[in-house]
Amino acid sequence: MRDNFGKYQQHFDNVKHPNHYQGVEGMEVIDVMRNFLPKYKDGYTAAMIKDVIKYVLRAPSKGKMLEDLQKAREYLDYAIDYLEGKANG
């Protein structure tokens, strides 16, 4: 029974607090997002920047750094293209 609880606890931690979304001092990506994303007044831009933050901050921890940074760049480009379209539109 105790072994099953340990497996449940590990699963819970991997769902609620995965290591690849924590900094070296324990700050989590979600806390960064909660603090900075409200500054974006446009929901689409905020959603794109959320993914930029997520991919940049997890990149060194997931084992696919280049891929995560490329994903971040893609979402940043989406945000820039959207804002440029609004400015020119």
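These values consider heavy atoms only, across backbone and side chains, with no hydrogens, waters or symmetry-generated copies.
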Undergrad: Taking all non-hydrogen atoms of both residues into account, name the closest pair between Leu37 and Ala46 and its distance.
TA: CD2-O, 3.7 Å
Undergrad: Measure the CE-CD distance between Met65 and Gln70 for me, rounded to the nearest 0.5 Å.
TA: 12.5 Å
Undergrad: Just verifying a value: how many Å separate Lys16 NZ and Ile30 CD1, rounded to the nearest 0.5 Å?
TA: 11.0 Å
Undergrad: Apply side chain to side chain contact (heavy atoms under 4.5 Å, CB included) to Lys71 and Lys54, showing your working.
TA: CA-CA 10 Å; Lys71 289 177 183 179; Lys54 174 180 74 174; over 6 Å; no
Undergrad: Looking only at atom types and distance, does a side-chain atom of Asn88 sit under 3.5 Å from a main-chain N or O of Glu84, one as donor and one as acceptor?
TA: yes
Undergrad: Restricting to non-hydrogen atoms, name the atom on Ala79 and the atom on Thr45 that form the minimum distance, rounded to 0.1 Å.
TA: CB-CG2, 4.5 Å
Undergrad: Measuring from Leu69:CG to Glu74:CD, what's the distance to the nearest 0.5 Å?
TA: 13.0 Å
Undergrad: Less than 4.5 Å apart, side chain to side chain, heavy atoms only: is that true for Tyr40 and Ile49?
TA: yes
Undergrad: Ignoring hydrogens, what is the shortest heavy-atom contact between Val52 and Ala72? Give both atom names and the distance.
TA: CG2-O, 3.5 Å
Undergrad: Would Tyr82 and Asp42 count as having a side-chain donor-acceptor pair, cut-off 3.5 Å?
TA: yes
Undergrad: Can Gln22 and His17 be said to form a side chain to side chain donor-acceptor pair (under 3.5 Å), step by step?
TA: CA-CA 8 Å; Gln22 293 182 13; His17 304 287; 4.6 Å; no
Undergrad: So that I can tick it off, tell me whether Asp68 and Arg58 are bridged by a salt bridge, with the cut-off set at under 4.0 angstrom between side-chain N and carboxylate O.
TA: yes
Undergrad: Looking at CG of Leu83 and OH of Tyr78, how far apart are the two atoms once the value is rounded to the nearest 0.5 Å?
TA: 15.0 Å
Undergrad: Nearest 0.5 Å, what's the CD-OH distance between Glu67 and Tyr55?
TA: 8.5 Å
Undergrad: Dump the intermediate steps for side chain to side chain contact (heavy atoms under 4.5 Å, CB included) on Leu76 and Met48, then the final yes or no.
TA: CA-CA 7 Å; Leu76 183 58; Met48 297 304 102; over 6 Å; no
